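Take a look at the structure set out below.
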Protein chains: 2
Amino acid sequence: MKQHDERRNEILDTALRLFFSQSYSEVSVAALIDAVGIAKGTFYHYFRSKEELLSELVLREASRQIPAYTAIAEDPALTAEVKMQRMFLTIGAWKADNRELMIASIRLLYRDENILLRHKLEQASIELFAPPLGTVIHQGVNEGCFHTPYPEVAAELILSMWSALTQRVAELIMRCDEEPHLAESILDRMRAIETAIQRFLGIPDGALALIDESDMRRILMPPAV
Amino acid sequence: MKQHDERRNEILDTALRLFFSQSYSEVSVAALIDAVGIAKGTFYHYFRSKEELLSELVLREASRQIPAYTAIAEDPALTAEVKMQRMFLTIGAWKADNRELMIASIRLLYRDENILLRHKLEQASIELFAPPLGTVIHQGVNEGCFHTPYPEVAAELILSMWSALTQRVAELIMRCDEEPHLAESILDRMRAIETAIQRFLGIPDGALALIDESDMRRILMPPAV
DNA sequence: CGGTCTAGACCGACCGTCGGTCGATAATCT
DNA sequence: AGATTATCGACCGACGGTCGGTCTAGACCG
């Protein structure tokens with residue numbers, strides 16, 4: 001017999017692995033408990049429903065990402081502009097470095113059956129990232145480099161836009177194999193978002209390079225074999 | 001025996017009614033066919049799956065909204081600014097006039113079980129509204145009143161932002177009964193979006209009143225009894 | 001120390017419901 | 001008459017979830 005938290009995390013770990021190697025709706029509770037090696041009743045001893053498992057899983061995974069970004073936000077040595085750049089570029093570079101994983105995730109998340117998983121991940125990311133980003137924007141307004149009457153809302157709004165962009169990019173990446181010219185329209189969208197964020201923050205176009213074009217190309221273009 | 005289209009629309013009509021009086025996942029195919037008065041096999045003669053029914057339903061309903069907006073977009077007598085205002089204000093006024101229906105819809109759509117329905121509605125709206133809105137933005141750029149290097153992407157981007165806002169508003173409306181002070185934070189978000197759109201289009205803050213505050217208050221505040 | 005008691009970890013047969021299939025039948029068209 | 005299309009409903013396997021019960025670690029006690 002195992003400790004409560006140990007078993008619980010074992011179930012969550014297995015669920016994470018299975019949800020990403022198959023999909024949320026394809027993985028039945030029966031398959032999950034087989035993989036963990038427990039009985040149906042044990043699963044429902046730890047989670048009230050399959051959906052509650054999903055929510056807790058998403059929360060746990062999203063929370064793991066946060067410390068790196070709060071560290072950037074609270075670094076006393078950096079200006080708001082640099083912090084913001086660093087936050088967005090860190091995400092982009094990570095995605096470029098883990099291209100295969102990213103694309104595999106996208107292929108799974110952006111399917112109708114997984115929409116609930118995707119939506120919960122998006123919402124959790126926005127809610128968890130908004131505070132550190134909001135701190136940075138506030139700092140920028142105080143430093144006089146950002147000019148927006150809505151510093152509190154700006155973080156959420158920017159993340160919502162970013163999230164909508166990610167969705168578009170994902171859709172296009174999935175169709176990129178067939179129609180490679182779509183890559184250009186993705187880059188267009190990214191530049192548009194960058195412009196939108198800059199203008200919303202009241203800084204000149206091009207002042208804030210949030211997207212590293214070479215990283216983006218690494219994500220979009222299949223590596224030469 | 002009925003004509004193909006007649007029967008098909010009968011199924012779609014009934015599905016629409018049931019999905020909004022209960023929810024997408026709560027309404028089983030069995031319940032639907034009972035309400036229509038047909039057999040299981042007949043349903044699957046017209047639709048390959050329950051999900052295909054949903055997609056077609058969403059497409060049909062979203063398409064019905066379009067003509068009104070293309071009419072505005074193609075009116076030769078109006079400036080781009082006026083067209084854009086008229087489009088957004090028309091939506092707002094309609095929502096204010098149909099407050100009960102709106103709130104009932106929100107309470108249904110913004111539940112985990114209905115996420116697929118909601119997402120498909122959102123995507124269909126964005127895809128169908130983007131062309132007329134894009135036309136208007138193009139006109140604005142040509143007339144010299146809008147300034148954006150990405151007129152094609154702008155429409156989609158603005159609609160994505162609007163959609164994210166709608167989602168936030170919906171979440172807050174659902175919790176407004178308990179915490180009425182949330183109304184102010186909704187208004188804040190709306191003003192922020194208005195600013196974001198204006199700045200993205202390169203026009204002065206306040207030049208484009210896309211949101212009628214009295215309409216918004218009518219939506220947010222329960223009518224005095 | 002050995003014995004007992006209990007909370008809670010664990011089990012798996014079982015349930016109702018679901019989306020979907022299929023072969024038969026009836027109506028309509030050519 | 002023959003072909004095509006619309007209709008039917010019994011049937012299926014899989015699903016998420018329940019329930020009555022067993023097993024065991026560790027607290028408590030004589």
Side-chain angles (χ1 to χ4, degrees), chain A residues 1-58 60 108 111-120, chain B residues 1-59 108 111-120:
Chain A
M1 277 170 95
K2 303 204 173 180
Q3 293 298 312
H4 190 88
D5 281 2
E6 188 186 350
R7 179 66 90 191
R8 191 182 165 86
N9 278 319
E10 196 182 346
I11 298 175
L12 286 168
D13 291 340
T14 310
L16 181 66
R17 185 166 52 79
L18 290 186
F19 287 170
F20 274 86
S21 75
Q22 299 171 50
S23 82
Y24 173 65
S25 63
E26 271 171 21
V27 176
S28 65
V29 175
L32 174 61
I33 62 174
D34 280 353
V36 182
I38 56 171
K40 208 69 168 292
T42 307
F43 173 82
Y44 283 96
H45 178 67
Y46 287 94
F47 300 95
R48 247 171 297 182
S49 66
K50 189 190 179 189
E51 204 176 300
E52 188 190 284
L53 165 75
L54 177 65
S55 296
E56 305 248 347
L57 185 62
V58 166
R60 195 187 71 162
L108 286 162
R111 285 164 55 186
D112 280 353
E113 335 152 11
N114 288 332
I115 179 146
L116 186 60
L117 170 57
R118 185 175 94 225
H119 181 256
K120 293 213 175 207
Chain B
M1 275 170 96
K2 304 205 173 179
Q3 293 297 313
H4 190 88
D5 281 2
E6 189 185 348
R7 178 68 89 190
R8 192 183 164 86
N9 278 320
E10 195 182 345
I11 298 174
L12 285 168
D13 292 340
T14 311
L16 180 66
R17 185 167 51 80
L18 290 186
F19 287 169
F20 274 86
S21 75
Q22 299 172 48
S23 81
Y24 172 65
S25 63
E26 270 171 21
V27 176
S28 65
V29 176
L32 174 61
I33 64 174
D34 280 354
V36 182
I38 57 172
K40 213 59 170 302
T42 307
F43 173 82
Y44 283 95
H45 179 66
Y46 287 94
F47 300 94
R48 246 171 297 181
S49 67
K50 189 189 178 189
E51 206 176 300
E52 187 190 284
L53 165 76
L54 177 64
S55 295
E56 306 249 346
L57 184 62
V58 166
L59 195 65
L108 287 163
R111 283 163 58 184
D112 281 353
E113 332 152 12
N114 287 332
I115 179 146
L116 186 59
L117 170 58
R118 185 176 93 223
H119 181 255
K120 294 214 172 207

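Please read all numbers here as calculations on a predicted model, not as lab measurements. All chains are named by letter (A, B, ...) in the order of the sequence lines, taking the proteins before the strands, and each is independently numbered beginning at 1.
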A/D34 CG to C/dC11 P, in whole Å, measures 11 Å

Of C/dA9, D/dG16, D/dA6, the nucleotide closest to the side chain of A/H45 is C/dA9

**Request:** Determine: side-chain N/O of B/H4 to OP1/OP2 of D/dT5, distance under 4.0 Å, yes or no.
**Result:** no

Taken to the nearest 0.5 Å, the spacing of A/R48 CZ from A/E56 CD works out to 8.5 Å

Looking at A/F43, is A/K50 sitting on its ring face, NZ or CZ under 6.0 Å from the six-membered ring centre and within 45 degrees of the normal?
no

Whole-Å distance, B/I33 CD1 to C/dT17 C1', equals 13 Å

Take a 6.0 Å sphere around CD of A/E6 and say whether it holds more than 12 heavy atoms from other residues, nucleotides or ligands. yes

- Query: Is A/R7 near enough to C/dC10 that one of its side-chain N or O atoms lies under 4.0 angstrom from OP1 or OP2?
  - Reply: yes

Whole-Å distance, A/R8 CZ to C/dA9 C1', equals 14 Å

When rounded to whole Å, the NZ to C1' distance for the pair B/K50 and C/dT21 reads 18 Å

A/F47 CZ to C/dG8 P, in whole Å, measures 18 Å

Against the side chain of A/T42, the closest entry in D/dC8, C/dC10, D/dC15 is C/dC10

note: B/F43, atom CZ; D/dA6, atom P; distance rounded to Å ~ 15 Å

Given protein heavy atoms under 4.0 Å, the one-letter contact record of nucleotides 18-24 of chain D, with B base, S sugar-phosphate only and - none, is simply BB----S

note: A/L54, atom CG; D/dG17, atom P; distance rounded to Å ~ 12 Å

Smallest heavy-atom separation, B/Q22 atom then B/V27 atom, equals CB-CG2, 3.9 Å

Rounding to 0.5 Å, atoms CG (A/L54) and CZ (A/F47) come to a distance of 11.0 Å

Apply side chain to side chain contact (heavy atoms under 4.5 Å, CB included) to the pair A/K120 and A/L57, showing each step before the final yes or no. CA-CA 10 Å; A/K120 293 213 175 207; A/L57 185 62; over 6 Å; no

Atom CG of A/D5 and atom C1' of C/dG8 are separated, to the nearest Å, by 14 Å

Separation between CG (A/L108) and CG (A/L117), nearest 0.5 Å, reads 9.0 Å

